[in-house]
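Reading through the structure tokens given below for one structure.
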Amino acid sequence: MPIKTSIVSATQDGAIALAVEKLLLGEVIGLPTETVYGLAADAQSETAVEKIYKTKGRPSYNPLICHVSGPEMAARYVEVSVTAKKLMDIFWPGPLTIVCARKPKSKIAHAVSANLNTLAVRCPANTTTRAIIAALDRPIAAPSANLSGKLSPTTAESVYKSLSGKIPLVIDDGQTSVGIESTIVAVGGDKITLLRPGSVSAEEICDAVTLPVHDRDTSIITAPGQISSHYAPNARILLNCDQPNGHVMIGFAGTEGDKDLNLSPEGDLTEAAHNLFEFLRLADARTNDVIAIAPIPNTGVGIAINDRLKRAAAPRTNDNQEITND
Ligand code: TXA
Ligand code: MG
């Protein structure tokens, strides 16, 4: 039976209390973060976390990020090395997820980390969501609030479009500022490994802690989300196009193409990341065929944009193959 899905503004009186109430009842709800909207549940409840996987159609072996109110809350559940603590102090609250060893007696549901002995922790910058976590006084598990295999949502309307009838509540705090998912690093002792590029660049991390940031050894998959996968619009994606050649085109800087779909006419990569998923959605609504995309410089957050575009352009798996998306 479909359930009624309400969208409630983050600024409405009682919005935080309502979200907390739903989470304490073991419900799964849509919450804003600065990167993309999350599909949130009480991270200590195995049954609530199972509901996340079911609602998204996500394979149970692909672990979730545990959202915390700060380093102190993280330290209740994971081993925080000196390097991990430095990263938390410098980049939190903000779009950096840190994968640490789980504490043996951690109360986080095993479904959150898909039975791995590590746990990904992140302190989101969105003040409403942080207030909800603080009021709960325990973390929330939240993947991006899209159906598995689809684009991450950057507005409450996008969450509603894909999940209405499946969740009771979406808290609306407008379009997310960053627009792409958080940077993920694994930290073991003082070794930092980049698992997913995001708006916090490897250079920034390296400069902040004066330690090298290693690339992931692509021959070893520690979590399925690391497999080359697609964040798929329905249309086919053609990368590095200088011209539309008759296709719907998402431009960047000076390239021609649909004028309202230029990720950043000024060539600003931060603005381009902010617009990326929304413009892919808009372009997808205009064609069943091909979306052409301008070249994006592969520096700073451009690396994360190109990572998402490469996944969107990757050959599509069919439903019977292993699902590699999150
Ligand atoms: O910005 C974000 O990170 C958003 C917002 C909602 O916080 N969340 C998000 O979650 O993008 P999700 O589930 O769509 O992507 C999380 C990624 C997945 O690729 C998963 O495999 C990886 O994090 N991950 C989670 N736990 C991990 C772990 N213990 N070790 C390695 N990778 C992990
Ligand atoms: Mg995702």
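Nothing here was measured: the structure is a model prediction, and the numbers come from that model. Order of listing sets the numbers, starting from 1, for every ligand and every atom in it.
Counting heavy atoms from C-beta outward, P143 and I52 have side chains that approach closer than 4.5 Å.
Of the possible donor and acceptor atoms, none in the side chain of T155 sits under 3.5 Å from a partner among the backbone N and O of Q175. Of the possible polar contacts, one joining the K103 side chain to the A75 backbone as a donor-acceptor pair under 3.5 Å is found. A donor-acceptor pair under 3.5 Å links the side-chain atoms of T55 to the main chain of K51, judged by distance alone.
The shortest N or O to N or O distance between Y37 and ligand 1 is not below 3.5 Å.
At a threshold of 4.0 Å, the pair R122-E181 does not count as salt-bridged, since none of the basic side-chain nitrogens sits closer than that to a carboxylate oxygen.
With 2.8 Å as the limit, S144 counts as an N, O or S neighbour of the Mg ion (ligand 2).
Heavy-atom contacts of S144 reach the following atoms of ligand 1: 8 (N), 9 (C), 10 (O), 12 (P), 14 (O) (cutoff under 4.0 Å). Shown in contact with T35 at under 4.0 Å from a heavy atom are these atoms of ligand 1, numbered in order with element: 1 (O), 2 (C), 4 (C), 5 (C). Residue P143 approaches ligand 1 through these ligand atoms, each under 4.0 Å from one of its heavy atoms: 6 (C), 10 (O), 12 (P), 13 (O).
Counting non-hydrogen atoms of neighbouring residues, nucleotides and ligands closer than 6.0 angstrom, the CG atom of D13 reaches no more than 12 such neighbours.
Side-chain contact annotation: N234 with N288, donor-acceptor N/O pair under 3.5 Å absent.
Closest to atom 13 (O) of ligand 1 by heavy atom, among R196, R58, E34, R122, is R58. If you check each of H67, R102, K56 against atom 7 (O) of ligand 1, the one with the closest non-hydrogen atom is H67. Considering I140, V78, I65, L96 only, the shortest heavy-atom separation from atom 16 (C) of ligand 1 involves I65.
Contact annotation for L64 and ligand 1: only backbone heavy atoms (N, CA, C, O) come within less than 4.0 Å of the ligand. At a heavy-atom cutoff of 4.0 Å, ligand 1 is contacted by both the backbone and the side chain of T118.
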